[in-house]
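Quick note: residue numbers are just sequence positions, from 1. Since the model is a prediction, treat every value here as computed from it, not as a measurement.
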Amino acid sequence: MINYGEEVFKILISLSNQIRLIYQVKVLRNKPDSEIVELLNLKNPRQVYAIRQKISSYTKEELLDYLYKLSLMDEDLKLGKSIDKIVFPVFIASL
């Protein structure tokens, strides 16, 4: 995506939102899909089904760690401490 000119900040936001959503569904996993859709104010109920297929691959701690690392990366980029074309691929490679 970076090679096609997409801004790293947009990618960070999208990735953070997806990881946050996976975490939220994992926390709410004992609730029915319809209730999760309502609680999380999702527009597409099929998202919950798709996410449920992924949540077993991650622990809550891993997801929170990813969110924390993304927030640090976002802060470093905004403060000019890191170069976006370097730090983001390194993060992706660490997944």
Donor-acceptor under 3.5 Å (R29 side chain, R52 main chain):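 No, because the side chain of R29 does not come within donor-acceptor range (under 3.5 Å) of the backbone of R52.
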
Expected output: side-chain E62 to main-chain T59 donor-acceptor under 3.5 Å: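 Yes; judged by distance alone, with no hydrogens or angles, the pair exists.
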
From OG (S34) to CG (L42), nearest 0.5 Å: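 If I round to the nearest 0.5 Å, the distance is 12.0 Å.
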
Reported CD1-to-CD1 distance for the pair I51 and I36, which is rounded to 0.5 angstrom: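 Here the interatomic distance stands at 9.0 Å.
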
Shared-cluster residues of L72, by chain and number - hydrophobic side chains joined below 4.5 Å: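 Same cluster as L72: Y68.
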
hydrophobic_cluster_shared for L39 and Y49, side chain cutoff 4.5 Å: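 Y49 and L39: separate clusters.
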
Hydrophobic cluster identity match, L64 and M73, side-chain contacts under 4.5 Å: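 In one cluster: yes.
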
Identify all side-chain donor-acceptor contacts of residues 19-27 below 3.5 Å with residues at least two apart in sequence or on another chain.
from	atom 1	to	atom 2	distance (Å)
R20	NH1	Q24	OE1	3.2
R20	NH2	N17	OD1	3.4
K26	NZ	I55	O	2.8
K26	NZ	Y58	O	2.8

S16 to L70 - nearest heavy-atom pair and separation: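 Heavy-atom minimum between the residues: OG-CD1, 3.5 Å.
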
Pairwise side-chain contact, L40 with L28, heavy-atom cut-off 4.5 Å (strictly under):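 Yes - at least one pair of side-chain heavy atoms lies under 4.5 Å apart.
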
